[in-house]
Amino acid sequence: MAFSGIQVRATGDVDAEALGYVRAKVVAAFERPGLPDVSGEVRVAHATAQHVAQPWSAAAEIRVGDALVVVHAQEASATELADRLQDRLRGRADRVAHRGDEARKAATPPPWRGGPGTETDAAE
């Protein structure tokens with residue numbers, strides 16, 4: 001796997017420690033063998049209003065090979081947000097990685113569509 005560049009950007013009142021923790025969790029989500037090139041952007045925001053129940057939010061648009069992975073998360077704290085973002089990104093990346101495997105398995109048509117095991121094969 002190669003990181004072409006995942007940028008983590010902040011808007012609002014986001015301190016460097018929280019941004020670093022989110023960045024580490026995003027990188028950890030894509031640390032697995034077999035993934036194609038990964039690049040994209042994660043935007044983290046912290047609402048300053050006191051009445052907001054979940055002031056931390058994130059939106060990620062990451063390109064994994066040819067697939068686009070889009071994830072949104074909203075939580076009460078920066079650490080909860082980073083953990084939720086990592087879980088969602090890892091799940092989507094796993095789905096993208098396995099999608100290619102499933103497509104290759106389905107390449108042979110079933111017998112009722114002319115695949116192996118049909119009557120025409122037995123007659124020849």
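We number each residue from 1, following the sequence as shown.
- A donor-acceptor pair under 3.5 Å is absent between the side-chain atoms of Arg92 and the main chain of Val71, judged by distance alone.
- The only option from Lys25, Arg90, Arg88 that meets the salt bridge (charged side-chain N to carboxylate O under 4.0 Å, His left out) definition with Asp83 turns out to be Lys25.
- Results of the side-chain contact (heavy atoms from CB on, under 4.5 Å) test with Leu89 over Ile6, Val38, Val26 single out Val26 as the only residue that passes.
- The pair Arg63-Asp37 fails the salt-bridge criterion, with no side-chain N (NZ, NE, NH1 or NH2) lying under 4.0 Å from an Asp/Glu carboxylate O.
- The minimum heavy-atom distance between Leu85 and Ala58, with the atom names listed, is CD2-CB, 4.0 Å.
- Residues Ala67 and Val96 come closest through the heavy atom pair CB-CG1, 3.8 Å.
- Residue Ala53 comes nearest to Ala76 through the heavy atom pair O-CB, 4.0 Å, listed as atom of the first residue, atom of the second, then distance.
- Between Val42 and Ala60, the shortest heavy-atom contact is CG2-CB, 3.8 Å.
- A donor-acceptor distance shorter than 3.5 angstrom exists from the side chain of His46 to the backbone of Asp13, with no hydrogens or angles considered.
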Tell me, with the steps shown, if Glu61 and Glu41 meet side-chain contact (heavy atoms from CB on, under 4.5 Å). CA-CA 6 Å; Glu61 293 182 5; Glu41 180 180 66; 5.7 Å; no
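- The heavy-atom pair separating Ala18 from Trp56 by the smallest distance is CB-CH2, 4.0 Å.
- For Arg43 (side chain) and Ser57 (main-chain N/O), no donor-acceptor pair under 3.5 Å exists by modelled atom type.
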